[in-house]
Amino acid sequence: MPGHDAHTAAERRFSVNLSMLFTELPLLERPAAAAAAGFTAVELWWPWAGSPTPGRSELDALGEAIDGAGVRLTGLNFYAGRLPGPDRGALSVPGAESERFRANVEVAAELAGALGCRALNALYGNRVDGVPAAEQDALALENLALAAAAADRVGAILLVETLNRTESPRYPLVSAQAAVEVVDHVNRVTGLGNARFLMDLYHLSMNGEDLPRAIERYASVTGHVQIADNPGRGAPGTGGLPLDDLLRRLHKAGYEGWIGLEYKPGDLPSAEAFGWLPPGARAAR
């Protein structure tokens with residue numbers, strides 16, 4: 001980050017999103033590539049977009065790749081349909097997609113538990129033509145409650161994320177408040193208290209939110225933060241977001257969790273897309 005304070009950066013805990021970075025490599029080679037770049041933590045979207053229930057050999061191979069690289073998995077998405085692609089989650093989509101999500105819940109939670117991953121992200125899903133929004137929301141609450149219970153059993157939190165309306169026009173949670181309302185609803189229904197907001201500063205900025213105000217209001221219910229610059233969704237310093245200042249504000253507001261690097265490397269090989277962050281600040285403290 002231009003003008004960043006190295007001491008401040010060293011106090012932050014960064015996690016590399018292996019579904020956005022190092023995608024030029026096969027999935028099983030990405031954890032080692034992140035480690036070679038100096039990172040000790042990674043996160044992932046659900047890696048098998050076509051399968052909510054991959055075979056044991058595939059699950060074990062991913063676990064071995066992560067363990068073998070000496071990195072920690074800090075975040076994992078539940079099955080979310082074709083991502084990247086036209087889908088934005090499955091849990092509120094009636095029929096086959098909702099069933100795939102339910103089939104995935106225990107599989108994803110078991111994988112997270114085996115790897116010590118303490119955060120599972122559940123993308124809400126797009127609105128569907130011909131289905132009342134209230135019907136989708138009722139289905140979503142039912143499925144989020146199942147996901148929260150599964151996450152709780154492995155000592156994990158459940159994350160609910162805001163996306164941006166430009167890139168996800170059919171996704172209903174396009175403000176911080178909308179996602180936090182879902183979080184609150186899930187916590188009331190389950191009584192578990194383990195649902196949290198996933199604050200993605202790129203998506204919030206794309207929606208035109210007042211980011212300092214969002215941090216002030218929602219840091220206390222935030223379970224994970226993701227960053228990318230805007231415009232372009234590139235590395236910090238490639239756009240105009242004051243990310244260093246925003247991360248300082250988050251820290252001041254009490255957020256001490258992981259900061260997921262969920263950005264596009266652009267024309268660079270992924271290994272060269274971290275010039276904004278000194279090598280000594282990449283390993284989690």
State, yes or no, whether a side-chain contact exists between [X] and [Y] at a heavy-atom distance under 4.5 Å.
| X | Y | result |
| --- | --- | --- |
| L111 | L76 | yes |
| R13 | E256 | no |
| L158 | F78 | yes |
| T23 | L25 | no |
| L173 | V160 | yes |
| Q136 | V128 | yes |
| D200 | H224 | no |
| V93 | F101 | no |

If you measure from the Lys or Arg side-chain nitrogens to the Asp or Glu carboxylate oxygens, is any gap between [X] and [Y] under 4.0 Å?
| X | Y | result |
| --- | --- | --- |
| D244 | R12 | yes |
| R249 | D245 | yes |
| R170 | D129 | yes |

Can you check whether [Y]'s main-chain N or O pairs, donor with acceptor, with [X]'s side chain at less than 3.5 Å?
| X | Y | result |
| --- | --- | --- |
| D152 | A147 | no |
| R282 | A37 | yes |
| R30 | F22 | yes |
| S15 | T74 | no |
| W48 | G50 | no |
| N207 | R165 | yes |
| D229 | P236 | no |

Worksheet item: Can you name the one residue among Y263, F274, W276 that meets ring-ring contact (aromatic ring centres under 6.0 Å, His included) with F14?
Response: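 When Y263, F274, W276 are each tested with F14, the ring-ring contact (aromatic ring centres under 6.0 Å, His included) holds only for W276.
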
Worksheet item: Measuring from L120:CG to R196:CZ, what's the distance to the nearest 0.5 Å?
Response: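 Going from CG on L120 over to CZ on R196, the span is 13.5 Å.
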
Worksheet item: Which distance, rounded to the nearest 0.5 Å, do you find between the CZ of R88 and the CZ of R127?
Response: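 Rounded to the nearest 0.5 Å, the CZ-CZ separation comes to 15.0 Å.
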
Item to complete: Let me see the working for N187 and L192 under side chain to side chain contact (heavy atoms under 4.5 Å, CB included), right down to the final yes or no.
Response: CA-CA 6 Å; N187 284 333; L192 296 170; 5.7 Å; no

Using the rule that two of Ile, Leu, Val, Met, Phe, Trp, Tyr join whenever any of their side-chain heavy atoms come within less than 4.5 Å, decide whether [X] and [Y] are in one cluster.
| X | Y | value |
| --- | --- | --- |
| L83 | L163 | yes |
| I157 | F197 | no |
| V131 | V182 | no |
| V154 | L115 | no |
| L198 | M20 | no |

Worksheet item: Can you name the ring-ring contact (aromatic ring centres under 6.0 Å, His included) partners of Y202, sequence neighbours left out?
Response: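 Scan of Y202 (ring-ring contact (aromatic ring centres under 6.0 Å, His included), adjacent residues dropped) gives none.
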
Ignoring hydrogens, what is the shortest heavy-atom contact between [X] and [Y]? Give both atom names and the distance.
| X | Y | value |
| --- | --- | --- |
| Y124 | D137 | OH-OD1, 2.7 Å |
| S92 | A140 | CB-CB, 3.8 Å |
| L21 | A273 | CD2-CB, 4.4 Å |
| V107 | P54 | CG1-CD, 4.5 Å |
| N194 | A151 | ND2-CB, 3.9 Å |
| M206 | N230 | SD-OD1, 3.4 Å |

Discussion item. Considering only residues two or more places apart or on different chains, which pairs with a residue in residues 95-112 satisfy side chain to side chain donor-acceptor pair (under 3.5 Å)?
Written reply: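 For residues 95-112: R56-E110, Y79-E97, E97-R100, S98-N143, R102-E142, R102-N143, E106-R153.
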
Item to complete: Evaluate side chain to side chain contact (heavy atoms under 4.5 Å, CB included) for W45 paired with L18, printing each intermediate quantity in order.
Response: CA-CA 8 Å; W45 301 344; L18 297 182; over 6 Å; no

Fill in: Verdict with supporting geometry, E209 and H203, side chain to side chain contact (heavy atoms under 4.5 Å, CB included)
CA-CA 9 Å; E209 294 219 21; H203 287 307; over 6 Å; no

Check each of [options] against [X] using the side-chain contact (heavy atoms from CB on, under 4.5 Å) test, and report the only one that passes.
| X | options | value |
| --- | --- | --- |
| L44 | N121, L62, N77 | L62 |
| I215 | D210, L246, T222 | L246 |
| L91 | L144, L123, L141 | L144 |

Are [X] and [Y] linked by a side-chain donor-acceptor pair shorter than 3.5 Å?
| X | Y | answer |
| --- | --- | --- |
| Q226 | W258 | no |
| D87 | Y171 | no |
| E24 | S270 | yes |

Practice prompt. Step by step, work out the side chain to side chain contact (heavy atoms under 4.5 Å, CB included) result for L204 and L211.
Written response: CA-CA 7 Å; L204 296 187; L211 297 181; 3.5 Å; yes

